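Taking it in order: structure first as C-alpha cells, then the write-up.
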Amino acid sequence: MDRTSPLGAFLKARRARLSPDDVGLPRYGDRRRVPGLRREEVALLAGVSAGYYTRLEQGRQANASPEVLDALARALHLSPAERDHLYDLSSTTGHRPAVSGDDEKVSADLRTLLTTMAAHVPALVVGRRNDVLAWNRTGHALLAPHLDFAAPDDPGGRPNLSRLVFLDAPTRALYRDWPAKARAVVGNLRILTARNPGDTHLAALIAELTARSAEFRSMWDAHTVAPCGRDVHTLAHPAVGELTVTQQTFDVPKEPHQSLVTFTAEPGSPSTAALEALKTRGRTVDAPVACAPTP
C-alpha cells in the first residue's frame, strides 16, 4: 500500500516535471502512461537501487543519508531552495514536539524599530506561520487598512498573511498579479511546514486553506518551494492608487522564527510619491494606539 510521506510526495512531484530528454536518458520509443521520469530512472541517475528509491517515495523508508539526498538533488535538477527543502523533509521524519499556538512575541526593541521606521518604510514582523506579530502604521496602511491596527496584539486574532491572500477579498484585489503572489505564498508555506512538522496550528491553517480555496489546493499539490527574499509587487491601493513596491524579508536576530518585512519604492518614482502620501495618511487617519507590552 502506498503511504506517501511529505518527502515522497515532493520527490514524486519533482520527477513528474522532468522528461528523459531533460536528464539525457534515451527514450527507446516508449509510450509513457504518466508524464515525467520513472522511479527506476531517478534511481539510476542517483546511483541507488530502484527498490530503495521506491521505498523512499512510498514512505516505507524512514530517512536518507546526506549523500543520497545530494544525489537525488542532482538527479532531479533541484534548485538550491528545493535542495534545502529536501533536507528539511528528510530530517522531519522523526518526532518533534508540538508547538504552542500563542507563544510568539515581539521584543520591545523590535517594536521600537518598527515605530522608528514608520516615518520612512512600511514594515511588519511575521512569525513562523505567517501571522502578523506587529506592524507599523505605514505597513498597516499599505497592506490592510481595512483591518484593526491593534489586531496583531491579540494572539487569537492576529491577521495571517497566507489566509488574507487566499480568503480576504480586499487583499486579493490589492495585488495586480494575484496568481504570482499566491504561488509565492504557497511556496513559502511548503518551507514552513517542512521545518515545523509538529506545529498543529500551521497544519490547521493548511487544512483550512485546502478546504476553502480550490486555487490553494491546486497550487499546494504542485509542491512548489519558494523562500521569501525579494519580490516586486504592483499594488492597486484603494487610497493612493497604483504603486510598485519592492518587498524584502529579513531574519530577525535571536528570533529564528520571526522575519522583518519591508516595502520600498524606486526613488523619485510615482510609487515613492504614493508611499509618501500613504505615510501621511497612516499618521493622521488612525488615532495613536499603544503597542501591547511584551510580557
Side-chain angles (χ1 to χ4, degrees), residues 98-175 181 185 188-189 192 195-196 199-206 208-209 212 228 235 237-240 245 247-264 275 278-295:
V99 180
S100 171
D102 58 359
D103 60 348
E104 294 191 281
K105 301 178 178 66
V106 177
S107 70
D109 289 343
L110 190 52
R111 288 184 181 275
T112 299
L113 176 62
L114 281 177
T115 302
T116 303
M117 293 173 67
H120 304 285
V121 179
L124 60 151
V125 177
V126 297
R128 62 174 159 265
R129 309 177 189 101
N130 279 341
D131 289 334
V132 178
L133 306 183
W135 47 23
N136 58 25
R137 290 201 170 276
T138 47
H140 168 253
L142 176 66
L143 294 183
H146 60 294
L147 301 181
D148 185 357
F149 174 74
D153 295 333
D154 174 16
R158 285 171 173 158
N160 179 275
L161 295 182
S162 302
R163 185 180 288 112
L164 289 175
V165 165
F166 279 95
L167 303 180
D168 181 72
T171 301
R172 181 173 184 136
L174 181 66
Y175 291 93
K181 176 61 178 178
V185 166
N188 182 54
L189 277 176
L192 295 179
R195 292 177 180 173
N196 303 283
D199 192 329
T200 56
H201 295 270
L202 183 56
L205 172 65
I206 301 301
E208 177 190 359
L209 294 175
R212 297 180 61 185
C228 290
L235 308 179
H237 197 277
V240 296
V245 296
Q247 175 183 320
Q248 297 186 81
T249 303
F250 306 92
D251 292 338
V252 176
K254 298 184 180 181
E255 295 290 347
H257 297 295
Q258 293 183 11
S259 299
L260 175 67
V261 185
T262 64
F263 301 86
T264 56
L275 272 186
L278 194 64
K279 294 169 192 174
T280 301
R281 182 180 180 86
R283 290 194 298 269
T284 59
V285 171
D286 297 318
V289 177
C291 291
T294 302

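If you're wondering where the values come from, they're calculated on a predicted model, not measured in any experiment.
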Side chains of [X] and [Y] in contact at under 4.5 Å (non-hydrogen atoms):
X    : Y    : value
H146 : T171 : yes
L142 : L174 : no
L202 : L189 : yes
L161 : V185 : no
T249 : V261 : yes
V132 : L143 : no
D168 : R163 : no
H257 : N196 : yes

How long is the straight-line distance from [atom2] of [Y] back to [atom1] of [X], given to the nearest 0.5 Å?
X    : Y    : atom1 : atom2 : answer
Q247 : K181 : CD    : NZ    : 4.0 Å
N130 : R158 : CG    : CZ    : 13.0 Å
L133 : R111 : CG    : CZ    : 8.5 Å
R128 : D199 : CZ    : CG    : 5.5 Å
L205 : N160 : CG    : CG    : 5.0 Å

Closest heavy-atom pair, M117 versus A123, reported as atoms and distance to 0.1 Å, is CE-CB, 3.8 Å
Quickly, which of L113, D251, V126 forms a side-chain contact (heavy atoms from CB on, under 4.5 Å) with L260? Name it, please. L113
For the side-chain contact (heavy atoms from CB on, under 4.5 Å) test, which of T138, L278, L124 pairs with F263?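 Answer to the side-chain contact (heavy atoms from CB on, under 4.5 Å) test with F263 among T138, L278, L124: L124.
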Using 30° and 60° as the class boundaries, would you call the ring planes of F149 and H140 parallel, tilted or perpendicular?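 F149 vs H140 ring planes: perpendicular.
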